[in-house]
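See structure below.
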Amino acid sequence: MAPSEIAVLKTCTHYFLHFVFPVFIALVFYPKNWKKVYLILLATMLIDLDHLFANPIFDPSRGSIGFHFLHSYYAIAVYFLMLFFRGNVRIIGIGLLFHMLTDYQDFNFWPH
C-alpha cells in the first residue's frame with residue numbers, strides 16, 4: 001500500500017471512530033435514548049481543546065496520550081472512575097475513554 005493510501009485510510013479510520021462508531025455504542029447500550037447518548041458522546045470530542053495549548057497545535061510525530069493534559073494518564077484514570085457512576089457521568093466516561101482509545105490506535109497502530 002502506498003504511503004498516501006495509508007494516510008487516507010488512517011484519517012478515515014480516525015474520524016469513523018470519533019464520529020460514526022459512537023452511534024453504534026449508543027444504539028447497543030442505550031437504545032431508548034440513543035440520540036441523547038450519541039450527542040453526549042460527540043460532546044466528549046471537546047476534550048481535544050487541550051491541543052490548543054500545545055506548540056505546535058498538531059504534530060504528526062507526537063501522540064496525544066500522555067502529552068496533552070486532558071489526555072494524561074491521570075486524566076484517563078479519572079475517566080475510568082467515571083464508569084462507576086450512573087447516568088450522564090458514565091456516558092461521558094465511556095466517550096472520553098473511547099476517545100483515548102481512538103487517539104491511541106491512531107498513533108500506535110499506523111505508520112507516521
Side-chain angles (χ1 to χ4, degrees):
M1 207 177 238
S4 62
E5 292 172 325
I6 292 172
V8 169
L9 187 58
K10 174 184 175 180
T11 301
C12 289
T13 301
H14 184 83
Y15 288 107
F16 171 83
L17 290 174
H18 273 322
F19 293 106
V20 179
F21 195 78
V23 171
F24 299 110
I25 294 172
L27 285 169
V28 169
F29 295 105
Y30 299 92
K32 292 181 182 176
N33 297 318
W34 74 269
K35 291 177 188 175
K36 174 188 159 194
V37 171
Y38 177 63
L39 290 175
I40 293 171
L41 293 174
L42 284 183
T44 62
M45 294 286 290
L46 291 171
I47 196 171
D48 277 340
L49 288 173
D50 67 352
H51 291 244
L52 297 175
F53 295 98
N55 188 13
I57 291 173
F58 175 72
D59 181 359
S61 64
R62 177 182 69 213
S64 297
I65 307 298
F67 183 81
H68 302 290
F69 62 91
L70 293 176
H71 290 68
S72 70
Y73 296 107
Y74 295 112
I76 292 170
V78 172
Y79 307 152
F80 179 77
L81 291 175
M82 292 171 78
L83 298 177
F84 296 97
F85 290 84
R86 292 178 173 236
N88 292 344
V89 174
R90 181 179 292 167
I91 296 166
I92 293 167
I94 291 168
L96 293 172
L97 286 173
F98 190 73
H99 185 98
M100 296 300 116
L101 180 67
T102 299
D103 285 359
Y104 178 84
Q105 71 79 33
D106 187 56
F107 185 74
N108 292 297
F109 295 166
W110 298 90
H112 44 84

State, to 0.1 Å, how close [X] and [Y] come at their nearest heavy-atom pair, and which atoms those are.
{"X": "His71", "Y": "Ser64", "result": "CB-O, 3.2 Å"}
{"X": "Gly93", "Y": "Leu83", "result": "C-CD2, 4.0 Å"}
{"X": "Trp34", "Y": "Ala26", "result": "O-CB, 3.4 Å"}

ILVMFWY network linking [X] to [Y], side-chain heavy atoms under 4.5 angstrom:
{"X": "Leu97", "Y": "Phe109", "answer": "yes"}
{"X": "Phe80", "Y": "Tyr73", "answer": "yes"}
{"X": "Phe69", "Y": "Ile92", "answer": "yes"}
{"X": "Ile25", "Y": "Met82", "answer": "yes"}
{"X": "Met100", "Y": "Phe53", "answer": "yes"}

Applying side chain to side chain contact (heavy atoms under 4.5 Å, CB included) to Val78 and Leu96, what does each step give before you reach the verdict?
CA-CA 10 Å; Val78 172; Leu96 293 172; over 6 Å; no
Verify, without hydrogens or angle tests, whether Tyr38 (side chain) and Phe19 (backbone) share a donor-acceptor contact under 3.5 angstrom.
yes
Side-chain (Asp50) to main-chain (Leu70) donor-acceptor, under 3.5 angstrom
yes
Step through the shown structure and confirm whether more than 12 heavy atoms of other residues, nucleotides or ligands are within 6.0 Å of OH on Tyr104.
no
Could you state the interatomic distance from NE2 (His99) to CG (Leu46), rounded to the nearest 0.5 Å?
10.0 Å
